[in-house]
Structures are given as C-alpha cells and as structure tokens.
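To start, the structure itself, in structure tokens.
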Amino acid sequence: MNQRLTRKEIKRDEFATAVGRGVEYAESHARTLTLAIGAAIAVALLAFLAYALLGSRSEKSSEALAHAMKVYNAPINATGAKPDDPKEPSFADQGARRARAKQLFEEVRDDYGSTDAADIAGLYLAQIALAEGQPDRARELWAEFVDDHGDHILASEARVNLIHLDRQQGKGEELAQRLKAMLEEEEPALPKDVILNELAVTLEQLNRKEEAVQAYQRILDEFPQSVYRATAQQKVTTLDPSRSLPGGAGPGGPLPIFPGGS
C-alpha cells in the first residue's frame with residue numbers, strides 16, 4: 001500500500017479530525033455552549049425591547065411636548081378660564097398661562113431627556129426665561145441647542161435669538177464684527193441675507209447709518225427674493241433718501257423668530 005498521501009487526502013483527514021474534535025468539544029462543553037446561546041438570545045431580546053421602549057418613549061415625549069405647546073399658545077379668558085381642559089385649555093391671564101407652560105416644558109425636559117422633544121422644550125423655556133427677566137438663562141438654553149443641534153432647522157432660529165439678545169444687552173460693537181466675519185465665511189451658519197439684515201439693524205442701533213444703508217443695499221442688490229427686501233428698501237429710503245433704489249419692493253417681511261422672539 002502506498003504510504004504517501006495526496007494533498008486532497010491530507011486535507012480530508014484534517015477536516016475529519018477537526019469535525020471530530022468539534023463534536024468532542026461540544027459534548028464536553030454542552031452546558032457552556034447552551035449558556036452562550038442563551039446569552040446571545042437574551043442580548044437580542046434586550047436589544048429588541050430597548051428599541052421598542054425607545055419608540056414608545058419617543059412617542060410619549062412628542063405627546064407631552066404637543067400638550068405643553070398647546071398650553072403655551074392657549075387663549076386668555078379672564079372670566080371662563082379652563083386651565084385643566086386637556087383639549088382646549090385657557091387661562092385667566094398671561095402669567096398663569098406662562099407658569100403652567102413652564103411647568104409642562106420642564107417636565108418634558110426632566111422625563112424625556114436626550115430626546116428631540118426635550119431639546120425643543122428647552123427653546124420654549126428660553127423664551128419663557130426671557131419673558132421672566134432671565135436673559136442669561138435664555139442664552140444658556142439657546143446656546144445649548146445650537147451646540148447640540150447645529151444643523152437642525154430650529155438652530156437658525158436660536159442663533160437669531162442669540163443675536164437679538166446680544167443687541168439688547170449692549171453688545172452691538174462686538175456683534176457687528178462677528179456678523180461681518182460670518183459674511184466672509186464660505187458656509188456661514190445663517191443665510192447671508194439674514195446676516196446682512198441683522199448687521200444692518202445692529203449698525204443702525206450703533207448710529208452708523210451709512211454702513212447700515214450699505215448692508216440694506218446689499219440685500220436689494222444680491223438677494224432680490226429675500227423676505228427682507230421690502231424692509232431693506234424702506235430703510236434705505238428712510239436713512240438715505242438720495243440713494244437710487246432698484247425696482248419696487250417685493251412682498252415679505254422679517255424672518256419669524258422661534259418661538260415668538262423679537
């Protein structure tokens with residue numbers, strides 16, 4: 001008999017040996033393997049339950065936010081207020097409405113942290129803080145949203161609110177320089193017509209009328225479809241009647257600030 005084995009026979013023998021060893025291992029470690037499989041199933045089950053829980057949590061957080069927003073925008077009814085009406089709440093005065101809305105938004109933040117609903121609730125709490133004379137708290141909440149959700153559509157609203165707050169707090173010179181720097185960026189955090197409008201308003205507040213007119217004029221020249229066009233044309237006419245204006249004013253107005261800012 002030929003004692004030399006071919007390569008195919010050697011591989012076949014190795015395979016058989018490996019299978020045999022595998023069977024022996026399985027027989028001697030049956031309990032360990034069973035536990036390992038059980039653990040894998042448990043992990044998969046936990047992952048599924050976590051996914052389901054997160055989905056349920058997200059839905060509940062959205063419902064809680066929607067209710068808080070309904071209260072925030074509820075009508076004032078001095079003689080027939082129904083603050084506890086779940087469908088059509090109303091309040092005797094703005095103070096009562098704001099206090100209840102604040103409570104509900106804070107509950108959304110406390111109960112559903114790390115959700116979009118909680119972060120949006122923070123934007124409303126910022127507006128409430130400003131109304132209550134707490135501008136530093138408002139700034140903190142708006143800045144927090146911008147830091148965490150820089151690309152979110154509401155981040156632009158928060159950025160504009162921060163600009164308005166800077167103006168209100170007498171930071172016009174610093175703000176003007178920052179806005180000018182933003183205009184030089186290839187991809188600024190805000191649309192350029194928004195930046196130009198905020199720059200023009202800031203310069204006007206600083207009594208630098210000529211520079212303000214230049215900023216308003218850029219809106220007219222570079223952004224004919226801007227919602228700021230009508231305002232810009234009116235401002236240019238008022239601040240510098242001698243300046244020649246292109247075309248008629250188009251429809252539009254200032255960008256609405258979230259939520260109810262000015």
Side-chain angles (χ1 to χ4, degrees), residues 58 61-62 64-74 94 97-98 101-102 104-106 108-109 112-172 174-176 178-183 185-205 215-216 219 223 225-232 235 251-262:
S58 177
S61 68
S62 297
L65 176 64
H67 179 58
M69 291 170 63
K70 180 178 289 186
V71 168
Y72 182 86
N73 294 296
Q94 292 184 2
R97 179 178 63 185
R98 183 168 60 239
K102 180 179 180 179
L104 292 173
F105 284 126
E106 286 177 341
V108 174
R109 296 262 293 180
Y112 304 102
S114 302
T115 64
D116 288 345
D119 293 336
I120 292 173
L123 294 178
Y124 281 93
L125 286 171
Q127 194 63 43
I128 291 173
L130 194 64
E132 293 181 338
Q134 301 176 43
D136 291 341
R137 177 56 176 161
R139 180 184 296 279
E140 178 185 348
L141 289 167
W142 281 325
E144 180 182 305
F145 189 90
V146 170
D147 290 342
D148 293 342
H149 305 280
D151 294 330
H152 195 286
I153 186 171
L154 293 178
S156 294
E157 313 286 359
R159 288 187 176 98
V160 173
N161 281 341
L162 286 168
I163 290 172
H164 289 190
L165 187 56
D166 281 342
R167 263 201 312 268
Q168 293 170 11
Q169 294 184 329
K171 300 178 181 180
E174 176 188 343
L175 177 60
R178 192 164 74 248
L179 291 170
K180 288 179 180 179
M182 289 176 66
L183 286 172
E185 297 175 3
E186 290 187 8
E187 296 183 3
L190 290 169
K192 286 195 173 182
D193 61 329
V194 175
I195 299 172
L196 283 167
N197 182 74
E198 296 301 334
L199 175 60
V201 172
T202 303
L203 292 169
E204 192 177 352
Q205 184 187 69
Y216 283 127
I219 295 175
F223 303 95
Q225 302 303 318
S226 173
V227 295
Y228 295 104
R229 179 175 175 80
T231 300
K235 286 289 187 178
L255 184 70
I257 304 305
F258 178 92
S262 60

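- Arg139 is linked by a side chain to side chain contact (heavy atoms under 4.5 Å, CB included) to Leu162, Leu165, Asp166, Gln169, Lys171, counting only residues two or more places apart in sequence or in another chain.
- Taking the side-chain hydrogen bond (donor to acceptor under 3.5 Å, both in side chains) definition, one finds that Glu144 meets it with Arg109, sequence neighbours left out.
- Proximity of Phe223 to Lys192: side-chain heavy atoms (C-beta onward) are separated by under 4.5 Å at one or more points.
- Annotation: the span from Ile120 atom CD1 to Met69 atom CE amounts to 7.5 Å, rounded to 0.5 Å.
- Side chains of Gln127 and Tyr72: no donor on one and acceptor on the other come within 3.5 Å.
- Side-chain atoms of Leu130 and Trp142, non-hydrogen and from C-beta on, do get closer than 4.5 Å to each other.
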Are Phe105 and Val71 close enough, and set up right, to give a side chain to side chain contact (heavy atoms under 4.5 Å, CB included), and what steps lead you there? CA-CA 10 Å; Phe105 284 126; Val71 168; over 6 Å; no

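- Between Ala176 and Leu199, the shortest heavy-atom distance links the atoms O-CD1, 3.7 Å.
- Residues Ser58 and Thr115 are not in side-chain contact: their nearest non-hydrogen atoms beyond the backbone lie 4.5 Å or more apart.
- Taking the side chain as every heavy atom from C-beta outward, His149 and Leu154 never approach each other to under 4.5 Å.
- Looking only at distances, no side-chain donor or acceptor of Arg97 sits under 3.5 Å from a matching main-chain atom of Asn73.
- Separating the CZ atom in Arg178 from the CD1 atom in Ile163 is a distance of 7.0 Å, to the nearest 0.5 Å.
- No more than 12 heavy atoms of other residues, nucleotides or ligands lie within 6.0 Å of CG in Asp151, so this atom counts as exposed by the packing criterion.
- Atom NZ of Lys102 sits about 4.0 Å away from atom CD of Glu132, to the nearest 0.5 Å.
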From CA spacing to verdict: side chain to side chain contact (heavy atoms under 4.5 Å, CB included), Asn197, Val201: CA-CA 6 Å; Asn197 182 74; Val201 172; 4.2 Å; yes

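- Ionic pairing of Glu198 and Arg167 is present here: one or more N-O contacts between side-chain nitrogen and carboxylate oxygen are shorter than 4.0 angstrom.
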